[in-house]
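What follows is a single structure, written as structure tokens, with notes after it.
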Amino acid sequence: MASDLETKAKEAFIDDHFELALHLYSQAIQLNPKHAELYADRAQANIKLDNLPEAVADANKAIELDPSMSKAYLRKATACMKLEEYQTAKSALETGAALAPAESRFSKLIKECEERIAEETGDLSMQTPEALAKNDVPAKEIELDKDQPNLEIEAAPPKPVYRYEFYQKPEEVVVTIFAKGTPHDCVKVDYGEQILSVAINAPGKEAYHFQPRLFAKIIPEKCRYDVLSTKVEIRLAKAEPIHWTSLEFSREVAITQRVNVSSVSASQRPSYPSSKPQRVDWDKIEAQVKKEQEKDEKLDGDAALNKFFRDIYKDADEDTRRAMQKSFVESNGTVLSTNWKEVGAKKVEGSPPDGMEMKKWEY
């Protein structure tokens, strides 16, 4: 059955029916999830459909299952170059070239990556004269043999089974995935220059895949994650101290806000209108939210009564406060009056509840 799906997927790919090919490869991988070539072929279909983070994730899976598959590295590099992640692409190409030294595409694309990296860093020494003359030539898409896409690919990413959220500091972005009770060995996290790939395969639960192209570039070697009892916490080290307006990349966002880390500290808060970016004190915000939640909680019994009296006292004038204090003390806590004219001229006698009597204690 899986081989039939694989054959149909190849035919659809050759006929340029990439969405159908993707669907068929995904069905095939459900039946044969350990076949590395299926992932590599689905990566190529994803590249054709511009599903670039998914293509990188598929290539990574193919490499995980078969580290000697040179074309998996080639496809990873193709997707990364389209994402303008040239350092990651170059690293994949160098590994692939070591596995297939006779394949000329690796050396050609490594050279192209070096030129692109030089453009980004302003290092002209790494660029060839030809590159300097035509810096506007886009990275070329790498096509593997069209008639040989016999790769079996994992099912298309299912609907998310876990909720996630993120917050940021000037130097890092913290992504939290609420996967309660997930064993550490069931979580796999990979980082690219501008890609995050998370896979959670917990026993008895649907597989979870999260592969966003990030808002901006990160430093993969400085990123880390922790699997806690209630969540997976991922810390992404920003390549630049800019403000991320979202977690995922969007071409609609043309301007980002740079955070001046040296001039903004947690203790500095301008008291006048300022255009300078301010770092967010998330601990303070959380404390404020909790305070508001506690304030809004419905009280009952003595707690509600005491709150009622405190509110009266807080908003009362001086005579009302004096009346409340005098009546409460003199009556041993059995009378609380707000009328100073009534209690100010005489001693307030105790007034016990029905069925009870006052008793004077001898000291």
Side-chain angles (χ1 to χ4, degrees), residues 1-85 88-89 92-93 96-97 99-100 102-109 112-113 137-159 192 195 197 199 206-207 209-213 248-249 251:
M1 181 63 178
S3 60
D4 293 339
L5 289 170
E6 181 181 353
T7 301
K8 291 178 181 178
K10 293 177 189 177
E11 293 172 354
F13 187 91
I14 292 171
D15 293 336
D16 290 343
H17 297 152
F18 303 123
E19 290 187 2
L20 177 59
L22 180 66
H23 178 68
L24 292 170
Y25 278 131
S26 297
Q27 287 186 327
I29 203 166
Q30 285 184 318
L31 300 174
N32 191 1
K34 299 298 183 182
H35 193 339
E37 287 210 357
L38 286 175
Y39 290 91
D41 282 347
R42 190 174 70 178
Q44 184 71 340
N46 272 318
I47 289 170
K48 290 291 187 180
L49 293 169
D50 268 344
N51 299 332
L52 302 177
E54 290 82 355
V56 174
D58 281 340
N60 282 336
K61 184 65 175 179
I63 292 168
E64 178 186 337
L65 293 172
D66 185 0
S68 65
M69 183 187 295
S70 61
K71 73 176 176 182
Y73 295 96
L74 195 58
R75 285 177 173 161
K76 178 177 181 179
T78 302
C80 287
M81 290 178 74
K82 282 178 166 286
L83 289 168
E84 299 179 359
E85 296 197 10
T88 303
L93 289 167
L99 294 170
E103 176 55 74
S104 61
R105 284 177 292 183
F106 285 112
S107 57
K108 179 181 178 181
L109 291 166
E112 186 173 350
C113 283
V137 178
K140 298 175 183 175
E141 177 183 352
I142 308 153
E143 283 193 33
L144 297 177
D145 297 336
K146 245 183 159 185
D147 56 351
Q148 193 185 18
N150 61 331
L151 307 176
E152 190 165 331
I153 295 185
E154 183 182 8
K159 292 182 179 180
I195 290 179
S197 178
E206 190 176 359
H209 299 277
F210 181 51
Q211 296 133 358
R213 182 182 180 188
E248 299 188 41
F249 173 82
R251 295 190 182 278

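Throughout, residue positions are numbered sequentially from 1 according to the sequence presented.
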Are F13 and D15 packed together at the side-chain level, in the sense that at least one heavy-atom pair is separated by less than 4.5 angstrom?
no
Interatomic distance, S107 atom OG to E112 atom CD [nearest 0.5 angstrom]
12.0 Å
Nearest 0.5 Å please: distance from the CZ atom of R213 over to the NZ atom of K82.
11.5 Å
Could you check if a side-chain atom of P67 sits within less than 4.5 angstrom of a side-chain atom of Y73, using non-hydrogen atoms only?
yes
Is it the case that the side chain of Y25 and the backbone of L5 share a donor-acceptor pair, with hydrogens and angles ignored and the cut-off at 3.5 Å?
no
Under a 4.0 Å N-O cut-off, is there an ion pair linking E6 with K10?
yes
Rounded at 0.5 Å granularity, tell me how far CG in L52 sits from CD in E85.
9.5 Å
Heavy-atom distance under 4.5 Å between the side chains of K76 and I63, does that happen here?
yes
Testing the basics here: between A12 and L24, what is the closest heavy-atom pair and its distance to 0.1 Å?
CB-CD1, 4.5 Å
Would you confirm whether R75, through its side chain, and A59, through its main-chain N or O, come within 3.5 Å as a donor-acceptor pair?
no
Would you say S70 and F106 make side-chain contact, with heavy atoms under 4.5 Å?
yes
Atom pair CE (M81) and OG1 (T88), whose distance is rounded to the nearest 0.5 Å
12.0 Å
Locate the shortest heavy-atom distance separating A72 from A62; write the atom from each residue and the value.
CB-CB, 3.9 Å
Any non-hydrogen side-chain atom of E19 less than 4.5 Å from a side-chain atom of L49?
yes
Could you tell me which residues satisfy salt bridge (charged side-chain N to carboxylate O under 4.0 Å, His left out) with E64, sequence neighbours excluded, listed by chain and number?
K61
Hey, could you give me the CD/CG distance between Q27 and L22, rounded to the nearest 0.5 Å?
10.5 Å
Nearest heavy-atom contact between P33 and L65 is O-CD1, 3.9 Å
Nearest 0.5 angstrom please: T78 OG1 to L93 CG, how far?
7.5 Å
Side chains of F249 and P53, heavy atoms from C-beta outward: is any pair under 4.5 Å?
no
pair S197-V56: side-chain heavy atoms closer than 4.5 Å
no
